[in-house]
Amino acid sequence: MQIGESKIRILLVEDERKLARSLERQLARLGYEVELAFDGVEAWEQAQNREFALIILDLNLPKKSGFEVLEQFRAQSYGTPVLILSARDKVEDRIKGLQIGADDYLVKPFDFGELTARLEAILRRGGVKRMAILQAGDLTMDVLKRTVKRGDKEITLTPREFALLEYFLRNKNQLLTRKRLAEQVWGYTFDTGTNIVDVYIRYLRKAIDEGFSRKLIHTVYAQGFMLKDEA
Ligand code: CA
């Protein structure tokens with residue numbers, strides 16, 4: 001995502017609050033804007049009020065089931081793509097879900113990587129351009145292939161370093177405070193008093209800036225960090 005481009009908004013309908021919050025955090029970390037609905041009625045209301053690029057829909061929901069919500073959407077020609085995320089693993093349920101207009105169906109328990117791959121596939125089909133190739137200067141990240149290159153040099157990162165760099169690239173030329181990085185990349189919503197952000201910045205600098213005359217990651221004194229792309 002480039003500066004100024006608005007984030008892709010996802011509606012997550014899930015009544016298991018712990019799971020909902022954890023998914024919200026993980027998706028936010030990838031740069032999505034996530035709104036939550038905890039029952040079928042709320043899902044319907046939220047979808048009326050705002051536009052979403054994608055809806056992740058649980059089936060067993062209070063007040064109104066996911067099937068009912070989906071039927072209601074489609075009856076009103078509401079075209080937003082829907083990915084069903086449900087513990088219901090019967091073939092009949094999957095068929096029904098797809099028949100009444102879901103774009104995909106993923107059974108719980110699921111792997112978060114698979115969920116993001118599937119939702120990115122749906123968003124691609126839907127023509128929403130969430131940039132899969134991120135760049136700053138001579139550094140390139142392929143978000144889908146999970147590769148990073150600086151010039152001709154392939155760079156290997158741990159998943160956390162990758163997430164941190166992805167967040168920098170999606171918010172380049174912006175001051176990112178330690179607090180914001182801790183929230184967005186680690187999911188910390190409170191001050192943990194750790195220096196984990198600084199530790200990882202150090203790892204990341206070693207991986208992407210060491211040996212290059214132009215540094216990408218800059219310290220903003222007493223405030224935080226910035227990935228500068230002056231190209
Ligand atoms: Ca449920």
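Remember, it's 1-based here, ligands and their atoms both numbered in the order they're listed.
Through side-chain heavy atoms spaced under 4.5 Å, either directly or across other Ile, Leu, Val, Met, Phe, Trp or Tyr residues, Leu175 is tied to Val220, Met226.
Judged as a salt bridge (Lys or Arg N to Asp or Glu O under 4.0 Å), and not counting sequence neighbours, Asp15 has no contacts. In terms of the salt bridge (Lys or Arg N to Asp or Glu O under 4.0 Å) criterion, Arg160 has no residue partners (sequence neighbours excluded).
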Side chain to side chain donor-acceptor pair (under 3.5 Å) assessment of Arg205 paired with Thr219: CA-CA 11 Å; Arg205 278 183 159 145; Thr219 302; 2.8 Å; yes
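Protein N/O/S atoms found under 3.0 Å from the Ca ion (ligand 1), listed by chain and residue number: Asp15 OD1, Asp58 OD2, Asn60 O.
Remark: Lys7 is not positioned above the aromatic ring of Tyr32, lacking an NZ or CZ atom under 6.0 angstrom from the ring centre and at most 45 degrees off the axis.
Scanning both residues, Tyr105 and Arg88, for their nearest heavy atoms gives OH-O, 2.8 Å.
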